[in-house]
Amino acid sequence: MRPAVVAGRRLARVNRLGAETSPYLRQHADNPVAWYPWGEEAFARARAEDRPVFLSVGYSACHWCHVMAHESFEDDAVAATLNARFVAVKVDREERPDVDAVYMEAVQAATGSGGWPMSVFLTPDGRPFFAGTYYPPTDRYGTPGFGRVLAAVDEAWRARRPEVEHQADALAEAVARRARLPADLLTAPGADRSSARDLLGAATAELGSRFDPRFGGFGPAPKFPQPQLVELCLRRHRLEGDAAARAMATVTLRAMAAGGIYDHLGGGFARYATDATWTVPHFEKMLYDQAGLVRAYLHAGQATGEALFARVVAETVAYVLDTLRLPGGGLASAEDADSEGEEGRFYLWTPAELVEAAGPDLGPVAAAWYGVTEEGNFEGRSILRRPPDDDAERPAPVEEARRRLLEARARRPRPGLDDKVLTEWNAMFCAALAEAAAVTGRRDWGEAAGAIARFLLAELRRPDGRWLRSWQGGRARHLAYAGDYAWVVECCTRLAELTGDPAWLGPAADTARAMLELFGDEGPLLATTGSDAERLVVRPVDVLDGAVPAANSVAAAALLRLGALTGDDELRQAGEGLVDALWGLAQEHPLAAAGTVAAAALARGGTTEVVISGERPDLLAVVRRRFEPTAVVAWGTPGPSPLWAGRAPGLAYVCRGFVCRAPAATPDELEQRLEDERAADGAEPAAVAGGGR
């Protein structure tokens, strides 16, 4: 690390990021800023020297994080001010979502909006007193330059401390209010409530008022994929035959797959689109987006039979397994937006480059198919895209051109890879991949899903069973959060359904019980951090969906599904308790709590339990090809669950609450049983006619 030089003198400093497991933190290891990772050492120094803490939060694939780093954190004069007047702390939001969540609330309370890079000034005891996001190096577009911000904060700290302390108290109180679910939205146990069907209907009605009928999506630009909202539309159509809900889902999915947000050559989706037509993305690719979208497109394919959706699933899975898979089975968390110092450079084309890569015969074919022009659609070059309602199969010449373009693109410098393995995101993709393997019969996908789970169990779980959040280069760090635990439960449960092997239910149940003990110690909801974790200015509770679904709704659904498969009433009741507590929130803000709306169908309407005894792949195929979001499937090796009690071989049993319809012996009979059961989905629990346990 080179020492900073200002006016001919060397500035002594120690940057402590070089040994961190986060690639994002290591990107800043050579800054002239004397960065600390988050921890007691930094705050002890701030207390000892009576300095404010400058907290910078970002992630490795974030374009504007790179911009601020180049403009400010690599600048010796800025570094000199930071080093002399502040204690600078750098945090990877993906490794420390608790720190990110708490101080993002401060940014939103102070400014009305949020984003990354996040820039927050703290007292030595961690209370925020001034907060923002990206600051340019000099005053620009009504935003003060970073140097001016540092000078103003320093002056206030030294000359107007009572004002700073008052602001810190006020902002900390605002963070505490925003980070916890308001008491009036916590539903008391046993309170009257509408049915899950009514809740779903209200959610999709609100979606209808926000829907863009031309380009899909819900609301104006920038547009995020929001697979959870698409899933609500698919569920509404399944239950009620709602054509408008189906259209909202399919128009959105087609438009995204046609737009520049989708990588037409290599598969996978960018984080979001900056425009209403899905053409211009922020080019970073995040593992959690691939997980959510694989599920949404898979379910749309089941619900509609459209070949386009199956193709997008296959290409997105191929992208993840080809590009993000690491030796040993874990998945890297993201690919950067930038390459060769430019945002999106890896993905952009000119007509001449198409001819050079695909040849004079197929270059013009590719240009016409993907809309590549001389003027371009992004800074003089073209992002590949199709018309928004496109569902056409690629003709053979286009497919050959695509193959050649992909080969040529592979020779370009690739965007940087964030090779840390995050438990939550890996388990998310594992669950989606296991489900996709079951639907498609792809054995290689099933093997890959199992490898991901085995990697997590081997590398991210301590000998005492405590899960950890992040792994990189052979080292696992940071206590895992409620979302990590919830997705591990879902991942292992899905693998049990995929393989018919009840051994996967063991780690699922162990993780579920540990989750309830570690995170459920302060009320009806799960806290984000465990009872054994560092205490921040507030202990956050994750109830609203963001880039990933809220931990409490994921936990609720996972507990309900696992409880149904195992017959464990304690787990089932815990899942119901989470839904009950969140019911008021879901009624008031159904789109912000879409995961809770989905989990409500399991909690209030009950889970459809399908048991297939003996070797009946034809019956298993019936269940797997249907979109059955409230079903769990037991097959293969019988386990200790009461679902298996007294089952005659060679039959399928369709049950709800362990009360079963007459067994089905043929695929047609099973189809009819599932159709009969569909009418009960999402309704209040009631007796099911037609048979016994």
Lys/Arg-Asp/Glu bridge criterion (N-O < 4.0 Å) met for [X], [Y]:
| X | Y | value |
| --- | --- | --- |
| R466 | D464 | no |
| R45 | E41 | no |
| R469 | E424 | yes |
| R539 | E522 | yes |
| R47 | D125 | no |
| D154 | R158 | yes |
| E155 | R160 | yes |

Side chain [X], main chain [Y], donor-acceptor under 3.5 Å:
| X | Y | result |
| --- | --- | --- |
| N15 | H28 | yes |
| Q290 | F269 | yes |
| D75 | V78 | yes |
| S72 | A69 | no |
| D92 | E94 | yes |
| S60 | P23 | no |
| T423 | D484 | no |
| D418 | A334 | no |
| R271 | A337 | no |
| N83 | A34 | yes |

Polar contact flag, side-chain donor to acceptor under 3.5 angstrom, [X]-[Y]:
| X | Y | result |
| --- | --- | --- |
| K90 | Y24 | yes |
| D336 | H66 | yes |
| H166 | D169 | no |
| T511 | W467 | yes |
| T21 | E95 | yes |

Nearest heavy-atom pair of [X] and [Y]: which atoms, and what distance?
| X | Y | answer |
| --- | --- | --- |
| A174 | A109 | CB-CB, 4.1 Å |
| P590 | Q587 | CD-O, 3.8 Å |
| A276 | A221 | N-CB, 3.6 Å |
| A131 | T111 | O-CG2, 3.5 Å |
| A19 | R475 | O-NH2, 2.7 Å |
| A512 | L571 | CB-CD2, 4.0 Å |

Does the structure place the NZ or CZ of [X] under 6.0 Å from the centre of the six-membered ring of [Y], at an angle of no more than 45° from the ring's axis?
| X | Y | result |
| --- | --- | --- |
| R161 | W157 | yes |
| R477 | W471 | no |
| R16 | Y36 | yes |

Parallel, tilted or perpendicular, as decided by the 30° and 60° cut-offs, for the rings of H63 and H282: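 Ring orientation of H282 relative to H63: tilted.
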Quick one: pull up [atom1] in [X] and [atom2] in [Y] and give me the separation to the nearest 0.5 Å.
| X | Y | atom1 | atom2 | result |
| --- | --- | --- | --- | --- |
| L479 | L518 | CG | CG | 8.5 Å |
| Q573 | D580 | CD | CG | 11.0 Å |
| E49 | R85 | CD | CZ | 12.0 Å |
| H478 | D98 | NE2 | CG | 9.5 Å |

Would you mind reporting whether [Y] and [X] have side-chain heavy atoms less than 4.5 Å apart?
| X | Y | value |
| --- | --- | --- |
| E534 | T529 | no |
| N552 | T596 | no |
| F130 | Q167 | no |
| Y288 | S333 | no |
| V89 | S56 | no |
| K223 | I261 | no |
| E335 | E284 | no |
| F146 | L82 | yes |

Partner of V91 by side-chain contact (heavy atoms from CB on, under 4.5 Å), out of V120, L55, D100: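 Among V120, L55, D100, the one that satisfies the side-chain contact (heavy atoms from CB on, under 4.5 Å) with V91 is L55.
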Partner of P117 by side-chain contact (heavy atoms from CB on, under 4.5 Å), out of Y134, Y135, Y59: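 Among Y134, Y135, Y59, the one that satisfies the side-chain contact (heavy atoms from CB on, under 4.5 Å) with P117 is Y134.
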Aromatic contact, F224 with Y272 (centres under 6.0 Å):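 Ring-ring flag for F224/Y272: true, centres closer than 6.0 Å.
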Aromatic ring proximity, centroids under 6.0 angstrom, Y103 and F121: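 Not close enough - the centres of the two rings lie 6.0 Å or further apart.
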With sequence neighbours excluded, residues passing ring pair (Phe, Tyr, Trp, His ring centres under 6.0 Å) with Y481: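 Y481 satisfies ring pair (Phe, Tyr, Trp, His ring centres under 6.0 Å) with no residue once adjacent residues are dropped.
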Partners passing salt bridge (Lys or Arg N to Asp or Glu O under 4.0 Å) against E165 (at least two apart in sequence or in another chain):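 For E165, the residues satisfying salt bridge (Lys or Arg N to Asp or Glu O under 4.0 Å) (neighbours in sequence not counted) are R127.
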